[in-house]
**Q** 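Here it is, the structure in full.
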Amino acid sequence: MSVVTRFAPSPTGFLHIGGARTALFNWLFAHHHGGRFLLRIEDTDLARSTEEAVDAIINGLKWLDITWDGDAVSQRSRMERHAQAARRLIDEGNAYHCYASPEELAEMREAARREGRSPVYDGRWRDRSPSEAPAGVRPVVRLKAPREGDTRIDDLVQGEVTVANRQLDDMVLLRADGTPTYMLAVVVDDHDMDITHVIRGDDHLNNAFRQLQLYRALGWEPPLFAHIPLIHGADGARLSKRHGSLGIEAYRDQGILPEAMCNYLLRLGWGHGDDEIIDREQATSWFDLDGVGRAPARFDVSKLLNVNAHYLRACDDKTLADLVSDRLRRSIPAPLAPDADARILKGMASLKLRAKTVAELSEMAHFYALDRPLPISPEAATLLTDDTKGLLRDLTQDLRNHTQWDGPSLESEVREFAGTRQPKARKLGEVAQPLRVALTGSKVSPPIFEVMEILGREETLARLTDVFE
RNA sequence: GACCCCAUCGUCUAGAGGCCUAGGACACCACCCUUUCAAGGUGGCGACACGGGUUCGAAUCCCGUUGGGGUCGCCA
């Protein structure tokens with residue numbers, strides 16, 4: 001039997017970190033076993049599901065390169081099939097109509113709580129004759145669940161978990177308006193889609209028992225379950241918007257690379273020895289459920305950033321340069337310098353060693369993209385004194401006679417200038433820092449002689465002249 | 001409250017009875033390198049929640065305590 005997994009988000013918001021990891025694990029597991037990975041949108045909650053959320057989820061998955069086989073299935077489109085399954089259960093005596101009012105239900109729960117019992121429905125309509133039905137009340141359909149014994153699941157991550165059936169009540173299958181509940185829909189869809197492994201957050205662990213009962217009532221072979229721990233925020237509490245747990249696209253906007261995000265997510269709750277940097281191919285061959293931990297993991301931005309820095313360094317210059325040029329065009333109101341793209345590309349190799357995100361990279365590439373006159377940051381401007389401006393004037397004069405314009409030759413030229421052509425010998429740093437300020441507008445930049453080479457003779461001289469004139 | 005799950009450095013984890021005076025990574029600190037910032041290199045700080053068992057021997061097995069998390073909807 002070939003493996004079939006699925007990711008089944010409800011489109012009530014963006015694709016968040018936890019969902020992305022669940023999707024990744026499902027994808028990896030399916031591909032590891034040469035199986036298929038499906039996508040199903042659980043949009044049965046008509047009130048809360050939105051088209052925007054569907055798009056956000058799909059775009060997020062595409063960005064992460066988590067591809068699904070076949071078309072995404074809309075759960076909503078299958079409502080008739082779900083209802084049909086419920087009707088069959090009624091016909092076979094495994095489900096029944098329940099006319100209990102919301103008030104009755106609330107009372108039941110309250111009473112149970114008072115008496116220290118699990119707050120469950122007491123099954124009062126289980127065996128009553130339909131003739132006793134109150135007039136004018138539309139019933140829900142409930143599963144006639146077993147009342148004795150235990151229900152046990154053999155979870156691939158959590159191990160064997162057992163719960164007493166009296167803790168579980170007769171769950172609602174069809175609402176009073178005839179629409180299917182989540183419990184019914186998931187079971188019917190997973191069965192119809194031939195899902196073999198249900199890998200999902202462990203907030204569903206308790207649902208698994210009820211779903212198992214449903215599978216049995218329907219006479220279907222249940223899938224294998226794997227409930228993975230949830231991701232928590234840095235404070236150990238459940239991840240929420242308050243923690244900056246935004247949609248996955250927010251991380252894209254911050255300049256996280258999708259490969260880095262996947263690598264980070266993979267290592268969150270899963271380990272393979274001491275390995276840290278694991279690409280998709282390697283992950284596919286290594287991934288298995290027994291490597292998944294059982295304790296919730298905390299989301300740690302600094303590690304994400306570190307992994308991202310790694311992927312940034314490994315990424316090819318052209319790809320990054322395009323990303324950066326794009327960002328700069330959007331963030332800088334004035335047109336970029338004519339040579340901006342070429343300079344950014346040439347400078348990328350050393351720029352990318354210094355950044356943790358594409359956003360930072362863009363920040364650092366700023367000075368390559370801008371046209372003259374270059375703005376000088378306030379703290380950098382403090383290095384421009386009468387003394388250093390004089391120094392730069394002399395250096396510029398010197399450089400005008402220098403024709404060979406490459407990093408190494410410029411470096412030896414400037415070293416010589418600093419050491420021997422000044423009234424008193426200067427340390428290289430005394431010249432290099434003001435030079436850096438003049439050429440980049442900042443006290444921090446890639447190696448300054450490399451910058452000179454990339455900027456070119458004319459631009460370098462012009463930027464220098466701007467400073468002391 | 002009831003039920004279920006979990007528990008190794010601040011964080012992610014390695015560890016499946018002796019290989020553990022507990023390993024790696026991130027973060028942090030120091031030093032080296034150095035024209036700045038990084039990167040890189042070297043070193044440092046730092047954990048088996050607690051208490052009982054079992055065993056010649058326990059981070060690893062069992063029980064309890066504590067702590068954390070999850071679920072208890074005609075939401076998904």
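Order of the sequence lines sets the chain letters (A, B, ...), proteins ahead of strands, with each chain counted from 1.
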**Q** Stepwise, does the side chain to side chain donor-acceptor pair (under 3.5 Å) test hold for Ser74(A) with Asp43(A)?
**A** CA-CA 7 Å; Ser74(A) 158; Asp43(A) 50 4; 2.9 Å; yes

**Q** Base, sugar-phosphate, or nothing for Gly201(A), non-hydrogen atoms under 4.0 angstrom?
**A**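 Nothing, no heavy atom under 4.0 Å.
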
**Q** Under a 3.5 Å cut-off for both contacts, is A59(B) paired Watson-Crick or G-U wobble with anything, and if yes, with which nucleotide?
**A** none

**Q** Tell me the interatomic distance from His204(A), atom NE2, to C4(B), atom C1', rounded to whole angstroms.
**A**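 About 15 Å, once rounded to whole Å.
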
**Q** Do Asn207(A) side-chain and A76(B) base share a donor-acceptor contact under 3.5 Å?
**A**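 Yes, the side chain and the base share a sub-3.5 Å donor-acceptor pair.
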
**Q** Once salt bridge (charged side-chain N to carboxylate O under 4.0 Å, His left out) is applied, do any residues pair with Glu52(A), and if so which ones, sequence neighbours excluded?
**A** none

**Q** In whole Å, what separates the P atom of G64(B) from that of C5(B)?
**A**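 Each nucleotide's P atom is 12 Å from the other's.
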
**Q** Are side-chain heavy atoms of Leu374(A) and Asp466(A) found at a separation under 4.5 Å?
**A**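 Contact flag for Leu374(A)/Asp466(A) side chains = no.
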
**Q** Please give the distance between the C1' atoms of G73(B) and G67(B) as a whole number of Å.
**A**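 The same atom, C1', in both gives a distance of 29 Å.
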
**Q** Roughly how many Å apart are A27(B) and U66(B), using the C1' atom of each and rounding to a whole number?
**A**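 So the two C1' atoms sit 29 Å from each other.
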
**Q** Let me know the distance between CG of Asp300(A) and C1' of C9(B), rounded to the nearest Å.
**A** 13 Å

**Q** Would you say CD of Glu148(A) has more than 12 non-hydrogen atoms from neighbouring residues, nucleotides or ligands within 6.0 angstrom?
**A**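 Counting neighbours around CD of Glu148(A), 12 or fewer heavy atoms of other residues, nucleotides or ligands fall under 6.0 Å, so no.
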
**Q** In whole angstrom, give me the gap between the P atoms of C32(B) and C37(B).
**A** 14 Å

**Q** Considering every strand shown, what is the Watson-Crick or G-U wobble mate of G64(B) when both distances are under 3.5 Å?
**A**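 Here G64(B) is engaged in a pair, and the nucleotide opposite it is C50(B).
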
**Q** Return the polar atom pairs (N/O with N/O) between nucleotides 6-8 of chain B and the protein under 3.5 Å, or none.
**A**
unit_1: C6(B); atom_1: OP1; unit_2: Arg294(A); atom_2: NH1; d: 3.2

**Q** Please determine whether any donor N or O and acceptor N or O are separated by less than 3.5 Å between the side chain of Lys303(A) and the base of A25(B).
**A** yes

**Q** In whole Å, what separates the C1' atom of A25(B) from that of G15(B)?
**A** 15 Å

**Q** State, with a plain yes or no, whether a side-chain heavy atom of Ile376(A) is found less than 4.5 Å away from one of Val437(A).
**A** yes

**Q** Side chains of Leu143(A) and Gln213(A), heavy atoms from C-beta outward: is any pair under 4.5 Å?
**A**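 Sidechains of Gln213(A) and Leu143(A): in contact.
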
**Q** Please tell me if Thr44(A) has a side-chain N or O lying less than 4.0 Å from either OP1 or OP2 of A76(B).
**A**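 Affirmative; the distance criterion is met.
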
**Q** Just so I know, are the side chains of Asp189(A) and Val73(A) near enough to count as touching, which here means a heavy-atom distance under 4.5 Å?
**A** no

**Q** How does each nucleotide of nucleotides 37-50 of chain B score, in 5' to 3' order, for protein heavy atoms under 4.0 Å: base (B), sugar-phosphate only (S), or none (-)?
**A** BBSS----------

**Q** Is the phosphate of U13(B) approached by Arg267(A) (side-chain N or O, under 4.0 Å from OP1 or OP2)?
**A** no

**Q** In terms of the angle between their ring planes, are Trp270(A) and His272(A) parallel, tilted or perpendicular, with boundaries placed at 30° and 60°?
**A** parallel

**Q** What's the closest nucleotide to the Arg48(A) side chain, out of C74(B), A76(B), C3(B)?
**A**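 Of all the options, the side chain of Arg48(A) is nearest to A76(B).
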
**Q** Only counting residues at least two apart or in another chain, list the ones meeting ring pair (Phe, Tyr, Trp, His ring centres under 6.0 Å) with His191(A).
**A**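 Here the qualifying residues are Trp220(A).
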
**Q** Rounded to whole angstrom, note down the P distance from U42(B) over to G24(B).
**A**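 Taking atom P in both U42(B) and G24(B), they lie 12 Å apart.
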
**Q** With respect to the phosphate group of A27(B), does any side-chain polar atom (N or O) of Asn306(A) fall under 4.0 Å of OP1 or OP2?
**A** yes

**Q** Starting from C1' on U11(B), measure out to CG on Leu305(A) and report it in whole angstrom.
**A**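 In whole Å, U11(B) C1' lies 14 Å from Leu305(A) CG.
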
**Q** In whole Å, I'd like the distance from the CD1 atom of Ile57(A) to the C1' atom of A76(B).
**A**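 Distance check: Ile57(A) CD1 to A76(B) C1' gives 12 Å.
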
**Q** Can we say Arg87(A) and Glu80(A) salt-bridge, meaning some charged N sits less than 4.0 Å from an Asp/Glu carboxylate O?
**A**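 Salt bridge flag = yes for Glu80(A) with Arg87(A).
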
**Q** I'd like to know if the side chain of His82(A) pairs up with that of Thr179(A) as donor and acceptor (distance under 3.5 Å, no hydrogens or angles considered).
**A** no

**Q** If C26(B) has a Watson-Crick or G-U wobble mate with both distances under 3.5 Å, name it; if not, just say none.
**A**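 In the structure as shown, C26(B) has G10(B) as its Watson-Crick or wobble partner.
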
**Q** For G73(B), take OP1 and OP2 only and decide whether either is under 4.0 Å from a side-chain N or O of Arg109(A).
**A**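 Yes, such a contact exists.
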
**Q** Between Ala112(A) and Asp202(A), which residue's closest nucleotide on RNA chain B lies nearer the 5′ terminus?
**A**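 Of the two residues, Ala112(A) wins.
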
**Q** Among U35(B), A2(B), C4(B), which nucleotide sits nearest the side chain of Ser118(A)?
**A** A2(B)

**Q** With the side chain counted from C-beta on, respond yes when Pro258(A) and Tyr311(A) share a heavy-atom pair under 4.5 Å apart, and no when they do not.
**A**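 The answer is no, as the side chains (C-beta and beyond) never meet within the 4.5 Å cut-off.
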
**Q** Is Ala297(A) touching bases, backbone alone, or none of the nucleic acid, heavy atoms closer than 4.0 Å?
**A** sugar-phosphate

**Q** Tell me the interatomic distance from Leu173(A), atom CG, to A76(B), atom P, rounded to whole angstroms.
**A**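 For the pair Leu173(A) CG and A76(B) P, the rounded distance is 12 Å.
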
**Q** Which of the following nucleotides, C74(B), A27(B), C5(B), is nearest to the side chain of Leu205(A)?
**A** C5(B)

**Q** Scan Val163(A) against the nucleic acid and name what it touches under 4.0 Å (heavy atoms): base, sugar-phosphate only, or nothing.
**A** sugar-phosphate

**Q** Out of C12(B), G1(B), U35(B), which has the shortest distance to the side chain of Arg298(A)?
**A** C12(B)

**Q** Please classify the nucleic acid contact of Ser442(A) as base, sugar-phosphate, or nothing, using heavy-atom distances under 4.0 Å.
**A** nothing

**Q** Expressed in whole Å, how much space separates the P atoms belonging to C9(B) and A59(B)?
**A** 15 Å

**Q** In whole angstrom, what separates Ile448(A)'s CD1 from U36(B)'s P?
**A** 12 Å

**Q** List the residues meeting side-chain contact (heavy atoms from CB on, under 4.5 Å) with Val467(A), not counting sequence neighbours, and say none if there are none.
**A** Leu384(A), Lys389(A), Leu392(A), Ala438(A)

**Q** How many whole angstroms separate atom CG of Leu304(A) from atom P of U13(B)?
**A**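 To the nearest whole Å, that distance equals 14 Å.
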
**Q** Classify the ring geometry of Phe299(A) against Tyr264(A): parallel below 30°, tilted from 30° to 60°, perpendicular beyond 60°.
**A** perpendicular

**Q** Please write out each protein N/O paired with an N/O of nucleotides 17-23 of chain B under 3.5 Å, distance rounded to 0.1 Å.
**A**
unit_1: G23(B); atom_1: N2; unit_2: Asp274(A); atom_2: OD1; d: 3.0

**Q** Using atom CZ of Arg210(A) as one end and atom P of G73(B) as the other, report the distance to the nearest whole Å.
**A**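 Checked: the CZ to P distance equals 8 Å.
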
**Q** Using the ring of Phe417(A) (Phe, Tyr or Trp, six-membered ring only), decide whether Arg415(A) places NZ or CZ under 6.0 Å from its centre and within 45 degrees of its axis.
**A** no

**Q** Does the base of G24(B) carry an N or O that pairs as donor and acceptor with the side chain of Glu276(A) under 3.5 Å?
**A** yes

**Q** By the 4.0 Å heavy-atom rule, please label Leu230(A) as base, sugar-phosphate, or nothing.
**A** sugar-phosphate

**Q** With RNA chain B as reference, determine whether Ser302(A) or Asp177(A) sits nearer its 5' end, using the nearest nucleotide of each.
**A**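 Between the two, 5'-proximity favours Ser302(A).
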
**Q** Side-chain donor or acceptor of Arg436(A) under 3.5 Å from a matching atom on the base of U35(B)?
**A** yes

**Q** Is the cationic atom of Arg142(A) (NZ for Lys, CZ for Arg) positioned less than 6.0 Å from the six-membered ring centroid of Tyr121(A) and within 45 degrees of its normal?
**A** yes

**Q** When you compare A30(B) with G69(B), how far apart are their P atoms, in angstrom units rounded to a whole number?
**A**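 It comes out at 35 Å once rounded to the nearest Å.
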
